[in-house]
Amino acid sequence: MKGQRIRANSLRSQANPNAQPITISKSPMSPPEMDAGLWSKLPQELLERILSFLPLKNFMNLRSTCKHFKSLLFSPTFISKHSSSSSFSSFLLLSHPQCYNHFAFYDSALGAWRNFALSLSALLPCAAGQASLLSTSNGLLCFSLSDSFLVFNLLTKCSRVIEFPAYPFTFELFSLVSTPVGYSLFMVSFGSCTKNTFVYDSKVQFWRKFNGFEPILSDNYHQQGVYYKGSLYFVTSEPFSVACFDLESGKWERPNTELPRELMFVRLVSDGGDGKLYLIGGVGRNGISRSMKLWELGEGMNWVEVESLPEMMCRKLMSVCFHNYEHLYCFWHRGFICVCCYTWPEVLYFKVSRRTWHWLPKCPSLPDKWSCGFRWFSFVPELYASV
C-alpha cells in the first residue's frame, strides 16, 4: 500500500508540479485487512473446517478463485467430511406449464421465496423448448426430453443424457432414486399386451428390463415410487394394498401389512434417512373423505396412527381437489411431509418434529390467472451427487 501511494503521488507531481502529495488514510472503523500469507500457514484441517461453513453461493464462487481451493473442495477428505454440510439451504421447487422452462424456489430454512429462478434453456441448450421435470433426488434433477432422459446436477452443472431403452417408448410411474453410490431410473412401460418394468443403473450405465407386472397400481400419475429399504413402494388400486419392487432383484412383492379401514385415498412417504415409512389417507364413506390421517409403519408391519389433519384444514384440502383424489400427491422434504394438489398453488405440510400442520403460501411469481399443472419437488443441493 505504501509503495502504491508513493507511485500515485509521483504521477500527480509529474502532471501538476504545484500539487501537494495526497495521503489516503483508512477509517478507524474499517476492519483490518487479513494478510494473504496467513491462509497458507493455516493447518489443512482448520482451513477445511472454515470453508465448510460458507453459504452455498460463496462456496460455489470460491472454486474459481484459485487452483488450491478448487482442488481442496473436491478432495476425497473434504468430500467425506463435509459433503452433507448443513449450511446448504434446501428448497421446494415449483414447476408449472405457465412458467415454461422456469422454476421457482422456496427456501424452507428461511421460510421465504428466493429472488432467483432456474432457466433451464440457459444452462442446457439441448433441453430448450422440450424438457419436462420428472423427478428429483439428493441434489439430482431428471428431465424428460423428446427421445431421452436428462440427469442434471444444478451445482456442478454436470449432466448426462440417457436414451430411451426402446422406440417408441411410453412410460408411467417414473421415479429417480439417488444414493451415495449412484442412482437408478425406474418406470413402467406399456407393451403390446403386458406392462414391463425398466430400471437404469448409473453404476453400469445400462438398462434392465423385467417382464411381468402383477400389481395393478393406482391411477395417480402424479405419485412416484417411495424408496424404502432398497425397494420402491406403491399403492394398488381399490381395494387398497401395498406393493413393492426390489431394485436389485427386479421382483414385485406384496408386503404382509393390513391398511386402515374406510380409506378413500392412500399415499406413501418415506423419510429416506431413519428408515420410516408413512401413510397418508383420507377416511370416509361413499367415495367422500371426511378426514385425513397420518400413520407410521411400526413393528410387526402394523400401521400406527400419528396425527389427524385439523377439521378446517381438511375442509380446505378437500374443496381444493373437489374430491378428485387422483390430483393429490405427497413427498418428503427435510422433516416435512408435503401434501400437494395438481390443481392448487399452495402446499399443505406436516412438520414431523413438532407434529403441526401448515399451509405454504402461493408463489408470488405465479401469474394472477393460473390453471392446473402445479408440480412440486424436494430439492436438496448436493455438490458431490454424480451424474
Side-chain angles (χ1 to χ4, degrees), residues 91-100 102-106 108 111 113 132-136 172-175 217-226 233-235 237-238 240 262-270 278-284 286-295 306-352 356-379:
F91 304 91
L92 289 175
L93 190 156
L94 172 61
S95 171
H96 191 270
Q98 290 179 252
C99 302
Y100 187 69
H102 197 80
F103 305 91
F105 292 82
Y106 178 81
S108 56
W113 290 95
S132 175
L133 182 58
L134 296 177
S135 183
T136 63
E172 61 181 19
L173 301 174
F174 181 92
S175 302
L217 301 183
S218 176
D219 296 330
N220 178 20
Y221 302 106
H222 313 302
Q223 186 69 33
Q224 303 181 25
V226 175
Y233 281 70
F234 301 87
V235 177
S237 301
E238 294 187 69
F240 297 123
E262 298 184 339
L263 291 176
M264 298 297 100
F265 67 89
V266 181
R267 303 290 181 265
L268 297 175
V269 172
S270 171
Y278 296 94
L279 183 150
I280 300 97
V283 181
N286 301 322
I288 302 296
S289 294
R290 303 298 180 186
S291 63
M292 192 180 79
K293 297 184 178 182
L294 174 69
W295 292 266
V306 175
E307 197 68 46
S308 295
L309 180 65
E311 182 179 356
M312 294 303 296
M313 286 186 165
C314 185
R315 288 184 181 181
K316 177 178 178 178
L317 179 65
M318 298 309 158
S319 63
V320 161
C321 67
F322 300 105
H323 301 289
N324 294 322
Y325 304 122
E326 68 273 10
H327 292 161
L328 295 177
Y329 58 98
C330 304
F331 59 88
W332 175 270
H333 175 74
R334 283 288 178 96
F336 298 163
I337 296 177
C338 301
V339 183
C340 310
C341 183
Y342 186 70
T343 60
W344 190 252
E346 299 178 29
V347 175
L348 174 68
Y349 65 92
F350 177 73
K351 195 168 186 177
V352 176
T356 54
W357 296 91
H358 308 271
W359 282 101
L360 181 72
K362 172 188 170 183
C363 174
S365 63
L366 280 175
D368 294 333
K369 295 183 179 180
W370 41 263
S371 59
C372 64
F374 298 97
R375 292 296 310 274
W376 292 88
F377 302 88
S378 172
F379 177 60

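A side-chain donor-acceptor contact under 3.5 Å links Thr136 to the backbone of Ser378. Between the Glu346 side chain and the Cys363 main chain, no donor and acceptor come within less than 3.5 Å of each other. A distance-only check finds a donor-acceptor pair linking the side chain of Tyr329 to the backbone of Trp376 [under 3.5 Å]. Not one N or O on the side chain of Arg375 forms a donor-acceptor pair closer than 3.5 Å with the backbone of Tyr342.
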(message) As a quick check of understanding, evaluate side chain to side chain contact (heavy atoms under 4.5 Å, CB included) for Ile280 and Val266, giving each step before the final call.
(response) CA-CA 6 Å; Ile280 300 97; Val266 181; over 6 Å; no
(request) Show the numbers, then the answer: is there a side chain to side chain contact (heavy atoms under 4.5 Å, CB included) between Val352 and Tyr278? (result) CA-CA 11 Å; Val352 176; Tyr278 296 94; 4.0 Å; yes
(message) Before you tell me yes or no, could you show the steps for Leu94 and Leu366 under side chain to side chain contact (heavy atoms under 4.5 Å, CB included), namely the whole-Å CA-CA distance, both residues' side-chain angles and the distance that decides it to 0.1 Å?
(response) CA-CA 10 Å; Leu94 172 61; Leu366 280 175; 4.1 Å; yes
(message) side chain to side chain contact (heavy atoms under 4.5 Å, CB included), that's the test. Do Leu133 and Phe103 meet it? Break it down for me.
(response) CA-CA 10 Å; Leu133 182 58; Phe103 305 91; 4.1 Å; yes
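Atom CH2 of Trp357 is separated from atom OG of Ser308 by 8.5 Å, given to the nearest 0.5 angstrom. Atom CH2 in Trp344 sits 8.0 Å away from atom CH2 in Trp359 (nearest 0.5 Å). Distance check, rounded to the nearest 0.5 Å: CE of Met312 to CZ of Arg315 gives 5.5 Å. A distance of 13.0 Å separates CD in Glu172 from CD in Gln224, rounded to the nearest 0.5 Å. How far CG of Leu268 is from CZ of Phe234: 10.0 Å, rounded to the nearest 0.5 Å. In this structure, OG on Ser289 lies 8.5 Å from CG on Leu263, to the nearest 0.5 angstrom.
Closest heavy-atom contact between Met292 and Met318: CB-CE, 4.4 Å. When every heavy atom of Trp332 is checked against every heavy atom of Ser270, the shortest pair comes out as CB-O, 3.2 Å. Shown here for Val269 and Val226, the closest heavy-atom pair between the two residues is C-CG1, 3.8 Å. When every heavy atom of Ala104 is checked against every heavy atom of Trp113, the shortest pair comes out as CB-CZ3, 4.0 Å. Contact detail for Thr343 and Val320: the closest heavy-atom pair is OG1-O, 3.6 Å. Of all non-hydrogen atoms in Leu348 and His358, the two that sit nearest each other are CD1-O, 3.3 Å.
The aromatic rings of His96 and Phe374 are tilted relative to each other, their planes meeting at an angle between 30° and 60°. In this structure, Phe105 and Phe91 have perpendicular ring planes: the angle between them is above 60°, well past the 30° mark.
In this model, a donor atom of one side chain and an acceptor atom of the other lie less than 3.5 Å apart for His333 and Ser108. Between the side chains of His327 and Tyr325, not a single donor N or O lies within less than 3.5 Å of an accepting N or O.
Considering only heavy atoms from C-beta on, Ile288 comes within 4.5 Å of His323 through its side chain. Side-chain contact between Phe336 and Arg334 is absent, with no heavy atoms from C-beta onward closer than 4.5 Å.
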